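First comes the structure, then the notes that go with it.
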There are 2 protein chains.
Amino acid sequence: MTMPDVWPAAAPSSGAAKATRPQKRSGKRRAEILDAAMSVFAERGYANGSLAEIAERAGMTHAGVLHHFGSKEQLLIALLEYRDEADVSTLEGRHAPEGAELLEHLIRTVERNEQRPGIIQAYSVLLGESVTDTHPARAFFTSRFEGLRTMVTTALAEATGRDPGESDIRAAANGIIGAMDGLQEQWLLDKQSVDMGAATRLLIRAVTEELRASPPDGRA
Amino acid sequence: MTMPDVWPAAAPSSGAAKATRPQKRSGKRRAEILDAAMSVFAERGYANGSLAEIAERAGMTHAGVLHHFGSKEQLLIALLEYRDEADVSTLEGRHAPEGAELLEHLIRTVERNEQRPGIIQAYSVLLGESVTDTHPARAFFTSRFEGLRTMVTTALAEATGRDPGESDIRAAANGIIGAMDGLQEQWLLDKQSVDMGAATRLLIRAVTEELRASPPDGRA
DNA sequence: CCTACCGATCGGTAGG
DNA sequence: CCTACCGATCGGTAGG
């Protein structure tokens with residue numbers, strides 16, 4: 001997890017995956033199952049989403065799904081990795097953005113996400129479930145946030161000329177990341193009342209100006 | 001839903017509920033079931049939490065739980081209302097805060113929430129699940145956010161001398177509310193790395209200063 | 001508030 | 001990748 005463009009930022013994967021010839025070891029079937037799994041988990045959640053429904057959308061029986069992924073839990077893990085790969089390929093060839101450029105990239109990502117409610121819903125539902133006891137996606141999200149916090153903290157420090165170790169910088173980074181996730185929940189519940197891009201843009205602008213204006217202070 | 005102190009802000013209800021004599025119609029048993037339900041839903045989610053486990057923690061069989069609440073869905077609805085009432089009683093006697101005072105109240109609420117991971121986890125898990133299809137808590141959260149957006153927008157407008165109809169004011173309110181929810185997910189996954197209060201405080205300060213400084217602009 | 005039971009659904013396995 | 005099956009668990013009901 002090193003890209004800022006992680007997960008709720010992927011391009012529709014079907015195009016890239018289906019355009020190529022069948023990958024080694026029936027990768028096409030696997031991709032179809034993963035697409036079906038994402039839509040089912042988005043609509044029902046992981047706990048409540050059944051292998052039978054995933055299988056039906058992928059055109060097979062639930063035993064067929066298990067043949068490909070071994071267990072429901074391994075299917076979820078594969079889905080999380082699959083989405084990550086799709087996102088990384090979006091950035092391939094370009095250099096990973098830094099400083100103010102990364103902050104602008106975050107805003108563009110949020111705006112793009114407004115066009116992909118399905119992916120956002122799957123992400124939000126799985127994130128919400130992930131804090132339950134022994135949830136298989138917990139480690140994924142924990143390390144995702146760890147990476148995001150590092151990236152955004154660094155970018156904010158560079159963009160404002162402050163030290164990344166200052167507590168204000170870290171608080172600001174955590175707040176921006178939190179806002180992006182919380183806005184998705186609000187938006188999914190009432191899309192007309194929430195402009196995720198506008199809110200993110202204003203928050204980032206307000207925070208960077210605040211950090212430029214206030215005196216360097218806290219350290220740990 | 002008119003209070004800002006809603007839900008992830010309640011005082012431990014057991015004290016108040018158990019101190020009084022049995023309420024009319026076995027309210028004490030109901031409260032014990034509701035407390036058990038909150039802990040089970042926090043740990044397993046609503047979809048994955050079973051009536052049998054709730055019943056066990058409340059010291060009865062699952063048929064007993066159904067005797068009191070009729071169905072699992074009605075138990076959830078009752079739980080959401082029950083938490084709301086506990087929060088409202090916290091504010092009783094005081095006037096509902098407004099303007100800058102409400103913004104300070106939000107920060108205090110976030111700081112207090114850092115002492116009650118169980119309630120925060122139940123809230124976060126149910127919020128995440130609520131965006132799934134036909135989830136019984138969906139209406140609750142939708143109207144909760146509607147109320148919060150109105151309150152925070154009004155408070156921000158009062159605190160900065162701007163018009164509550166401006167798009168910047170609404171974007172700022174949505175961003176602050178979103179940050180509070182998103183920070184909870186981050187915090188639940190890694191409590192040591194996230195200071196919810198510090199992040200909320202910085203965001204509110206940055207946003208209010210930004211709104212005071214920038215020219216009145218957008219209207220709808 | 002319990003015992004006893006119901007039909008439905010679940011994830012996973014066997015064996016091909 | 002399927003048919004057939006397994007044990008387990010689920011929410012809810014009957015009847016007291």
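Quick caveat, the model's predicted, so the values are computed rather than measured. Protein chains get the first letters and strands the later ones, always in sequence-line order, with residue 1 at the start of each.
S50(B) comes within 4.0 angstrom of sugar-phosphate atoms only, judged by non-hydrogen atoms across all strands, and of no base. Residue-level contact check: L66(B) touches the bases, meaning some heavy atom is under 4.0 Å from a base atom.
Atom CG in L75(B) sits about 15 Å away from atom P in dC10(D), given to the nearest Å. The nearest whole Å value for the distance from the CG atom in L51(A) to the P atom in dA8(C) is 21 Å. At whole-Å resolution of the value, CZ in R44(B) and P in dC10(C) are 20 Å apart. To the nearest angstrom, C1' of dC1(D) lies 14 Å from CZ of F69(A). The nearest whole Å value for the distance from the CE atom in M60(A) to the P atom in dT3(D) is 13 Å. Nucleotide dT9(C) holds its C1' atom 15 Å from the CD1 atom of I54(A), rounded to whole Å. The distance from atom NE2 of H62(A) to atom P of dC5(D) is 14 Å, rounded to the nearest whole Å. Protein atom NE2 of H68(A) is 16 Å distant from nucleotide atom P of dG12(C), rounded to whole Å.
With dG11(C), dC1(C), dT3(D) as the candidates, the nucleotide lying closest to the side chain of K72(A) is dG11(C). Side-chain proximity of R29(B) to the nucleotides dC10(C), dC2(D), dC1(C) is greatest for dC1(C). Counting only heavy atoms from C-beta on, A63(A) has its side chain closest to dT13(C) among dC1(C), dC1(D), dT13(C).
Side-chain rings of Y46(B) and H135(B) approach one another, their centers coming within less than 6.0 Å.
For the pair R108(B) and E111(B), the salt-bridge criterion is not met [side-chain N within less than 4.0 Å of a carboxylate O].
Looking at heavy atoms from C-beta onward, L75(B) lies in side-chain contact with V65(B) at the 4.5 angstrom threshold.
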Do D181(A) and Y123(A) pass the side-chain contact (heavy atoms from CB on, under 4.5 Å) test, and can you show the C-alpha distance, the side-chain angles, and the key distance before you say yes or no?
-> CA-CA 9 Å; D181(A) 288 312; Y123(A) 171 83; 2.9 Å; yes

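Here CD of Q186(A) is found 5.5 Å from CG of L183(A). Values are rounded to the nearest 0.5 Å.
Along DNA chain D, the nucleotide nearest to H67(B) and the one nearest to E73(B) differ in position, and the one closer to the 5' end is contacted by E73(B).
Remark: dC1(D) base-pairs with dG16(C). Criterion, Watson-Crick or G-U wobble with two distances under 3.5 Å.
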